[in-house]
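Comments concern the structure below.
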Protein chains: 2
Amino acid sequence: MTKQRKLIDDIIQKNPHITAEDIFLKAKQIMPSIALGTVYRNLGIMARENEILKIPVANGADRYDKTTKPHDHALCTVCGTMKDIPETNIKELLEERLNMKISSYNLNIYFQCPKCLKEQKIKI
Amino acid sequence: MTKQRKLIDDIIQKNPHITAEDIFLKAKQIMPSIALGTVYRNLGIMARENEILKIPVANGADRYDKTTKPHDHALCTVCGTMKDIPETNIKELLEERLNMKISSYNLNIYFQCPKCLKEQKIKI
DNA sequence: TTCAATGCAAAATTTTTGCACGCTA
DNA sequence: TAGCGTGCAAAAATTTTGCATTGAA
């Protein structure tokens with residue numbers, strides 16, 4: 001566990017659903033010498049070791065989450081904010097229905113969050 | 001509707017779940033002058049006009065599908081083959097449970113398909 | 001003739017990797 | 001001092017875009 005790895009982990013704990021680029025920018029403020037490659041390398045290791053969760057996002061950079069159990073996410077199509085969706089049991093539901101073992105799954109829903117919905121109303 | 005666009009559409013109809021790169025390679029065999037940019041440009045237009053469906057894939061190129069209604073997919077983690085999952089009603093289920101309008105959603109499950117499971121068994 | 005669509009190439013975006021160097025055990 | 005992890009930069013992979021040219025109406 002290097003200083004860099006510890007720093008990256010701290011940033012994710014404080015900022016769930018953060019992108020690698022944003023982790024890099026926050027890390028740079030504290031450790032200006034850190035390299036983007038180091039961030040990616042550590043994210044890869046940590047995700048493989050199940051210390052963090054990597055969340056792929058359609059048309060955008062992956063996000064990294066402190067909650068390691070696979071769970072579902074909602075993304076605002078306007079501001080890009082990502083939030084957890086309350087437990088859906090979709091994995092179990094599908095495994096039963098399809099009669100097969102799922103190694104992983106990924107469910108993102110895209111919607112307009114209340115804040116952006118309100119702001120759009122004002123704009124129009 | 002140009003010749004290029006028609007060709008791209010034909011390829012998708014015959015090869016659901018195909019990537020842009022593979023569409024390009026197949027198209028090139030028939031129309032050697034076609035450019036990858038043209039493929040992407042037409043895919044973008046066709047997806048926007050809801051003639052085809054764009055399916056984002058974790059750690060890989062997007063796929064394009066002839067079935068335009070959003071539906072769920074299973075990807076083999078070994079050979080990469082993608083298949084449709086029978087209707088799950090997840091969108092309706094989530095809209096009701098979360099009490100909000102979902103503009104789109106994306107559910108991919110990752111598993112080892114029967115063929116690859118068998119081949120792995122032989123190998124070990 | 002017009003103008004949208006093409007081909008081509010460059011660029012943008014996100015992520016991975018090779019390599020020399022520096023910490024740390 | 002041996003070797004793992006770093007910083008840096010180049011490259012890989014996927015997608016987008018600017019621009020001159022083409023071709024169909």
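- Between Lys3(B) and the phosphate of dA24(D), there is a side-chain N or O to OP1/OP2 separation shorter than 4.0 Å.
- In this structure, of dT15(D), dT6(D), dC19(D), it is dT15(D) that holds the atom nearest to the side chain of Ala61(B).
- Put simply, Thr38(B) has no side-chain N or O that comes within less than 4.0 Å of OP1 or OP2 on dA5(C).
- At the heavy-atom level, Asn59(B) lies nowhere under 4.0 Å from the strands shown.
- Using a 30° and 60° split on the angle between ring planes, His71(A) and His17(A) fall in the tilted class, from 30° to 60°.
- Look at CG on Leu25(A): it is 14 Å from P on dT13(C), rounded to the nearest Å.
- Residue Gln4(A) is classed as a sugar-phosphate contact, given heavy-atom separations below 4.0 Å to backbone atoms only.
- Checking the phosphate oxygens (OP1, OP2) of dA4(C), no side-chain nitrogen or oxygen of Thr2(B) falls inside 4.0 Å.
- Glu95(A) places a side-chain N or O within 3.5 Å of a backbone atom of Ile102(A) that can act as its donor or acceptor partner.
- Which of dT15(D), dG7(C), dG7(D) sits closest to the side chain of Ala35(A) comes down to dG7(D).
- Taking atom CG of Asp9(A) as the reference point, atom C1' of dG5(D) lies 17 Å away to the nearest angstrom.
- When each of dC8(D), dT15(C), dT15(D) is scored by its nearest atom to the side-chain atoms of Arg41(A), the top-ranked nucleotide is dC8(D).
- Arg5(B) and Glu51(B) are joined by a salt bridge, as a carboxylate oxygen and a charged side-chain nitrogen come within less than 4.0 angstrom of each other.
- Nucleotides of DNA chain C nearest to Gly37(A) and Pro32(B) differ in position, and the one nearer the 5' end is that of Pro32(B).
- For the pair Met1(B) CE and dA5(C) C1', the interatomic distance rounds to 13 Å; values are reported in whole Å.
- Regarding Arg63(A), its CZ atom lies at a distance of 11 Å from the P atom of dT14(C), rounded to whole Å.
- In this structure, Leu43(A) places its CG atom 15 Å from C1' of dG5(D), rounding to the nearest Å.
- Nearest heavy-atom pair, Leu98(B) versus Pro86(A), reported as atom, atom and distance to 0.1 Å: CD2-CD, 3.8 Å.
- Ile34(A) comes within 4.0 angstrom of sugar-phosphate atoms only, judged by non-hydrogen atoms across all strands, and of no base.
- For Asn42(B) and dA4(C), the CG to P distance is 15 Å, given to the nearest whole Å.
- Within a 6.0 Å radius of CG in Asn99(B), other residues, nucleotides and ligands contribute 12 heavy atoms or fewer.
- Checking dT15(D), dG7(D), dT15(C) against the side-chain heavy atoms of Leu36(B) singles out dT15(D) as nearest.
- Distances shown here put a side-chain N or O of Tyr40(B) below 4.0 Å from the OP1 or OP2 atom of dT15(D).
- Between Lys6(B) atom NZ and dT6(C) atom P the separation is 15 Å, expressed in whole Å.
- Distance, Arg5(A) CZ to dT24(C) P: 15 Å, rounded to whole Å.
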